[in-house]
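The next block holds one structure in the form of structure tokens; read it before the comments.
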Amino acid sequence: MEEIDLAAKTRQDHEDGSPGIERKSRREMATIDGARALHMDKEIGSLEAGKKADFILIRLDRPNAVPMYDVYAQLAYA
């Protein structure tokens, strides 16, 4: 989660007007791309049958969870 938070906070738009790292890309960077970098994408990095996984629970009834416009942004800033 720290990696997603850091990527979200350091997002910069490019000089040509194109956006920086998109929300979905930040999630992938912290999950499957990290697993690929470690050559462990067959064992971890995505939710699939047979892969190891850690789970987190994020309560959506807390003040910091509303309003929820975008699930990826919510994960980055929760």
Side-chain angles (χ1 to χ4, degrees):
M1 296 305 294
E2 291 178 20
E3 292 82 1
I4 296 173
D5 181 59
L6 179 62
K9 290 178 179 172
T10 58
R11 177 185 181 269
Q12 297 291 321
D13 290 336
H14 299 284
E15 291 180 11
D16 64 359
S18 61
I21 302 169
E22 296 297 326
R23 291 179 185 107
K24 186 176 179 184
S25 296
R26 291 191 294 255
R27 178 189 49 90
E28 290 173 353
M29 287 171 54
T31 55
I32 192 66
D33 289 347
R36 284 185 189 121
L38 297 171
H39 302 284
M40 296 182 69
D41 54 311
K42 301 287 188 224
E43 295 87 29
I44 61 172
S46 61
L47 295 177
E48 296 179 44
K51 286 191 173 183
K52 297 177 184 177
D54 291 328
F55 286 95
I56 61 168
L57 299 176
I58 298 175
R59 293 193 58 167
L60 301 178
D61 61 345
R62 301 289 186 195
N64 68 329
V66 292
M68 184 184 304
Y69 298 114
D70 183 311
V71 69
Y72 297 117
Q74 186 65 30
L75 288 173
Y77 295 113

Provide the full list of salt bridge (Lys or Arg N to Asp or Glu O under 4.0 Å) pairs with a residue in residues 36-46, sequence neighbours left out, each pair given once. Asp33-Arg36
Determine which pairs satisfy salt bridge (Lys or Arg N to Asp or Glu O under 4.0 Å) with at least one residue from residues 46-59, sequence neighbours left out, and list them in order.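 Qualifying pairs: Glu48-Lys51, Arg59-Asp61.
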Among all residues two or more places apart in sequence or in another chain, which pass the side chain to side chain contact (heavy atoms under 4.5 Å, CB included) test with Leu47?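 Per chain and number, Leu47 pairs via side chain to side chain contact (heavy atoms under 4.5 Å, CB included) with Ala53, Phe55.
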Which heavy atom in Ala35 sits nearest to a heavy atom in Gly45, and how many Å separate them? CB-CA, 3.8 Å
